[in-house]
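Let me begin by presenting the structure, written as structure tokens, before commenting on it.
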Amino acid sequence: MDHQASGDTVVIVGAGQAGGEVATSLRQNQFRGRILLIGDEPHLPYRRPPLSKTFLSGEATSESLLIRNAETYAKQDIEFLGEARVRRIDRPEKTIELEDGQVIGYSKLVLATGGRPRRLSLPGAEKTNVHYVRTIADVEALREDFLPGRRLAVIGGGYIGLETAAVGIKKGLKVTVLEALPRVLARVAAPELSAFYARAHRSRGVDVRTGVKIQALLGAGRVEEILFEDGTRMEADLVIAGIGLIPNAELAASAGLRVENGIVVDAHSRTSDPDILAAGDVAQHENAFLGRSMRLESVPSAQEQARTAALTICGKPVPHAAVPWFWSDQYDLKLQMVGLSEGYDRFVTRGDISSDSFSAFYLRNDTVICAECVNRPQDFAMAKKLVAARAAVLSAALADESLPLKNLIPA
Amino acid sequence: MPTITYIEHNGREHSVEVPEGASLMQGAVDNLVPGILGDCGGSCTCATCHAYVDEAWVQRLPVPSGDEEMMLDAVIDRAARSRLCCQLKVAADWEGLVVRLPETQA
């Protein structure tokens, strides 16, 4: 390919799932200019979901996490620059400057900088056996401490925390989950779902404690004990914190781009500068289906946004309107979720929520806005369609297992 | 390396070499075959790598696992020859395997 002839250079900052997908989508859409993908990790784009699952358990290797192999990028003429950080963006000059001083020009710049784990702000949080789960390096360090018989304290009862707890049990650790709010998954799921997951973990040996306030992490160099605000203590050999993600939006903010809980982009992934786009976990993006702006921490959404950005760059703009969906694997429980439950006024279950196979539907004004399916992929597929169709349904019909969900989908 | 042919719904063919042990999904993703997204990374969760195996091959491939069966039940255009590409790991004697992509993944 002759870049000089086209003269266009797309620089992608961030080589995560969104960044990598922008690069390959550009080629799939016949972009012929130069593509430079810059990441601060040494790795080509890789899948992060297995980090808290099969990579932590040791079933997956770092090579197996790669989304595409090195040969693919070479063949597609996608340049990769790893272990590099961008210091600043010069918008008038349309250049970026790397930390080593290198200046690179762009025609279009894509910011896919993702996020970083929110750090604990407790005395003792800097100790060496306090771990986070975001990168291969994070989990490689964690695995050194993640040994059978060890006492693992998971701080945060969100998906990362619960997934790592499940792997801990599988690997023979003694696991305690410490959640500050009154229930696990409090920010993302209905109370019924939270109760289901708390039960699922307890029945498999996890000590799930909710509403607990931690005062400090005690120990010499390593955490040995956790001190709670009520004065009680608990021994621990390692700590995993899963307490949220902070969008890496500082580079955009210092370049004067609009940033509000992430880099603000429209439904075409464009920032407030028409030559700069953003996608993935860092993007506070407009979703045409939901008719509002949001920031999601989701692989499918990152990939959809990346494809939207690539189409915009290629002059074939299609607004981002994907219905968000997510998944989480814990033990033998395969959870698949579609839509956002925010603002629901009715909660309906299909199947027995005390079993390991059921679906939960969230309705607003008799319309399905969200569903969570545990070990029910068929329900999930139908739920995706119900949410996408904004189907008006009777909650009794959703709950009635003798009626196929298929019948509820408008023709 | 066996050569696998992916045929898009519009008829466009992609014949590519896929290493033994790699999944048909990975082979498609590595070669930028449109229509195979593999958004879940091969954990049998998203069904965005659905394909129809050519008649001649149906019996030669390992049967779907319970997980794959459940996900296949959920795809829109399931047929008897439907498989999820992420669950099919290429074997040495798969030279010439042909899979066709459904309309919904066009």
Side-chain angles (χ1 to χ4, degrees), chain A residues 17 20-21 23-29 45-50 53-55 60 64-73 75-76 78 298-304 306-307 322 325-329 332 334-338 357 373 375-385 405-406 409, chain B residues 1 6 8 10 12 14-50 64-78 82-87 89-90 101-102 104-106:
Chain A
Q17 301 212 218
E21 192 69 19
T24 47
S25 284
L26 284 169
R27 288 289 183 241
Q28 278 182 321
N29 287 287
Y46 62 89
R47 303 181 175 101
R48 294 193 196 277
K53 310 175 185 87
T54 51
F55 188 63
S64 73
L65 297 186
L66 292 184
I67 299 168
R68 294 176 166 91
N69 56 29
E71 205 180 299
T72 301
Y73 297 95
K75 213 158 67 186
Q76 296 298 330
I78 293 165
S298 146
V299 166
S301 173
Q303 305 200 132
E304 288 291 345
R307 291 170 196 138
W325 68 275
F326 314 83
W327 78 93
S328 173
D329 294 330
D332 52 351
K334 202 179 184 77
L335 171 65
Q336 295 165 297
M337 302 161 264
V338 58
S357 166
C373 307
N375 289 340
R376 290 214 173 188
Q378 296 102 322
D379 281 9
F380 174 68
M382 295 306 146
K384 265 181 147 174
K385 290 183 204 170
L405 286 177
K406 210 171 225 163
I409 296 162
Chain B
M1 267 191 265
Y6 302 85
E8 289 183 61
N10 64 14
R12 215 170 121 213
H14 305 259
S15 289
V16 301
E17 291 188 333
V18 183
E20 240 182 283
S23 71
L24 284 186
M25 181 276 283
Q26 193 63 49
V29 166
D30 276 343
N31 290 284
L32 271 59
V33 175
I36 298 275
L37 299 179
D39 275 352
C40 75
S43 62
C44 201
T45 294
C46 68
T48 60
C49 65
H50 175 209
S65 67
D67 269 6
E68 186 184 345
E69 272 296 342
M70 281 208 290
M71 286 307 293
L72 280 171
D73 260 353
V75 301
I76 300 156
D77 21 28
R78 178 166 191 179
S82 287
R83 295 301 301 262
L84 293 180
C85 289
C86 69
Q87 301 302 304
K89 304 281 186 289
V90 172
L101 309 188
T104 46
Q105 280 163 225

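Naming convention: chains lettered A, B, ... in sequence-line order (proteins, then strands); numbering from 1 in each chain.
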Q. Can you tell me how far CG of D379(A) sits from CG of D73(B), rounded to the nearest 0.5 angstrom?
A. 11.0 Å
Q: Go through the atoms of Q378(A) and report whether side chain, backbone, both or neither lie under 4.5 Å from a heavy atom of chain B.
A: both
Q: Under 4.5 Å heavy-atom distance to chain B, tell me which part of K385(A) shows up: side chain, backbone, both or neither.
A: side chain
Q: Please state whether the side chain, the backbone, both or neither of Y73(A) comes within less than 4.5 Å of a heavy atom of chain B.
A: neither
**Q.** Between CE on residue M71(B) and CD on residue Q336(A), distance to nearest 0.5 Å
**A.** 5.0 Å
Q.
Let's test your reading of the structure: which of T72(A), I67(A), T24(A) forms the most heavy-atom pairs below 4.5 Å with chain B?
A. T72(A)
Q. Do W327(A) and D39(B) have side chains that get closer than 4.5 Å, going by heavy atoms?
A. no
Q: Identify which part of K384(A) has an atom lying under 4.5 Å from any heavy atom of chain B, answering side chain, backbone, both or neither.
A: side chain
Q. Can you check whether L37(B) reaches Q303(A) side chain to side chain, under 4.5 Å on heavy atoms?
A. no
Q) Between F380(A) and T45(B), what is the shortest heavy-atom contact and its length? A) CE2-O, 4.3 Å
Q) Tell me, side chain or backbone of S43(B) under 4.5 Å from chain A's heavy atoms, or both, or neither? A) both
Q. Considering all heavy atoms of both residues, which atom of M70(B) and which atom of N375(A) are nearest to each other, and what is their separation?
A. SD-O, 4.3 Å
Q: With a 4.5 angstrom heavy-atom cut-off, could you sort out which part of R307(A) is near chain B: side chain, backbone, both or neither?
A: side chain
**Q.** Contacting region of L66(A) [heavy-atom separation from chain B under 4.5 Å]
**A.** backbone
Q | Atom pair NZ (K75(A)) and CG (L32(B)), whose distance is rounded to the nearest 0.5 Å | A | 9.0 Å
Q | Side chain N69(A), main chain D30(B), donor-acceptor under 3.5 Å | A | no
